[in-house]
2 protein chains.
Amino acid sequence: MKIGELAKAAHVEVETIRYYERIGLLPAPARSDNGYRAYAGMHLERLAFIRHCRTLDIALADITRLLRFVDDPSAECAEVNTLIDTQLARIRARLDSLRTLEQQLVVLRSQCDAPDRAAQCGILHELEAPTLGDACVCHDERRQ
Amino acid sequence: MKIGELAKAAHVEVETIRYYERIGLLPAPARSDNGYRAYAGMHLERLAFIRHCRTLDIALADITRLLRFVDDPSAECAEVNTLIDTQLARIRARLDSLRTLEQQLVVLRSQCDAPDRAAQCGILHELEAPTLGDACVCHDERRQ
DNA sequence: GCTTGACCCTGTAGCGGCTACAGGGTGTGT
DNA sequence: ACACACCCTGTAGCCGCTACAGGGTCAAGC
């Protein structure tokens, strides 16, 4: 399997595959006589695993750790659970901050419904408020 | 005002200020005889504006555009509204995908409660499922 | 006057996870 | 014979900082 075929099969860019090889995430494959990379089924499996983890937003360094368990099925898998727990905690923290952010933007957006000149724009006024040491509508309660 | 004082006043790292100057976001200040940057009140105001926008996760390129309205109060502010709307849409899209992600991770996590050897680990099994062309619990409905 | 330490300067490289070239070689079809 | 799609390596760019290295400046204390 050439790199373009692997890329198509795994729905990944060719450059991404070479990148994974460069950082040691995907093992370097054999080479054909012409120097082209020649991939085996194992590479597609591994790449599918990596992409599945990436859809779960797991960091490449963590994927490296997960792959060690794939390679050593007799190992204790407690670390796998911890890793997923940590990942979940990260996502939830990010969700919290994005929810806050959304509210701040909604409030901010409500400051200007009829666009006029910038001098009158409620949004710009709010953005400028802390500039003058004033409170702003979007960060009323000062939570970060 | 020296850079360290400005940094303290605006709760920003010194390096960040120099970075903003380098990319043209914060105007280069006058220099003292010893070559130190000498900031005026205007710089603190501008930096406060930038940081306020950053807490709203507005991109630096967009902040540059917002600053043009600060500098030209007679301009039409319609672009400001558009910009905030776009920002809000981005945040909401990200929220949606994070919410999906959270559910996927919750389901995945439920596959392994009692850590055992990797060969038995339900989490690893699920992560490996697409590797074999199987469906996985976390991406049942194939959305994205 | 000499040292210490806190600050300032410039310039460059690193983070993550790719993406996008430039500048070349190879293989296939007409 | 040529076009064109694919492959190769190597390097730089994206974002928003952060972290150095290797130097200069200044005030306080001995």
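Per chain, numbering begins at 1; letters A, B, ... match sequence-line order.
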Using atom OH of B/Tyr19 as one end and atom C1' of D/dG16 as the other, report the distance to the nearest whole Å. 5 Å

Lys/Arg N to Asp/Glu carboxylate O, A/Glu21 vs A/Arg37, below 4.0 Å: yes

For A/Glu13, check salt bridge (charged side-chain N to carboxylate O under 4.0 Å, His left out) against everything at least two apart and list the hits. none

Please evaluate residues A/Tyr19 and A/Leu25 with respect to the criterion side-chain contact (heavy atoms from CB on, under 4.5 Å), reporting the C-alpha separation (whole Å), side-chain torsions for both, the decisive distance (0.1 Å), and the verdict. CA-CA 9 Å; A/Tyr19 170 69; A/Leu25 194 55; over 6 Å; no

Between B/Arg46 and B/Asp71, does any NZ, NE, NH1 or NH2 come within less than 4.0 Å of an OD or OE carboxylate oxygen? yes

Base, sugar-phosphate, or nothing for B/Ile3, non-hydrogen atoms under 4.0 angstrom? sugar-phosphate

For B/Val14 versus B/Gly4, what's the shortest heavy-atom pair and its separation? CG2-CA, 4.1 Å

Between B/Ser74 and B/Asp72, do the side chains contain a donor N or O and an acceptor N or O under 3.5 Å apart? yes

Keeping A/Gln87 on the side-chain end and A/Leu56 on the backbone end, is there a donor-acceptor pair under 3.5 Å? yes

Name all residues meeting the salt bridge (charged side-chain N to carboxylate O under 4.0 Å, His left out) criterion together with B/Asp96; count only those two or more places apart in sequence or in a different chain, and write none if there are none. B/Arg99

Please confirm whether the shortest side-chain N or O distance from B/Tyr20 to OP1 or OP2 of D/dC17 is below 4.0 Å. yes

Strictly below 4.0 Å, heavy-atom distances to any atom of DNA chain D: list the hits from residues 29-44 of chain A, or just say none. A/Arg31, A/Gly35, A/Tyr36, A/Arg37

Taken to the nearest 0.5 Å, the spacing of A/Tyr20 OH from A/Ile63 CD1 works out to 6.5 Å

Could you tell me whether A/Asp85 and A/Arg90 have a side-chain N and a carboxylate O separated by less than 4.0 Å? no

With side chains defined as the heavy atoms from C-beta onward, is the minimum distance between A/Leu101 and A/Leu98 less than 4.5 Å? yes

Kindly calculate the angle separating the two end axes of the helix from C/dG1-D/dC30 to C/dT30-D/dA1, each obtained from five base pairs, and round it to 10 degrees. 30°

Near DNA chain D, counting only heavy atoms under 4.0 Å, which residues of residues 57-70 of chain B show up? B/Ala59, B/Leu60

Measure from CD1 on B/Ile17 to P on D/dT18 and round the result to the nearest Å. 12 Å

Starting from P on C/dG17, measure out to CD1 on A/Ile23 and report it in whole angstrom. 8 Å

Check whether B/Thr86 reaches the backbone of B/Thr82 with its side chain - one donor and one acceptor, N or O, closer than 3.5 Å. yes

Please check: side-chain N/O of A/Glu126 versus main-chain N/O of A/Ile123, any donor-acceptor pairing under 3.5 Å? no

Would you say C/dG17 has OP1 or OP2 under 4.0 Å from some side-chain N or O of A/Thr16? no

Just how far, in rounded Å, is C1' of C/dC8 from CD of B/Glu21? 13 Å

Could I get a table of every N or O pair under 3.5 Å where one atom is in the protein and the other is in nucleotides 20-22 of chain C?
none

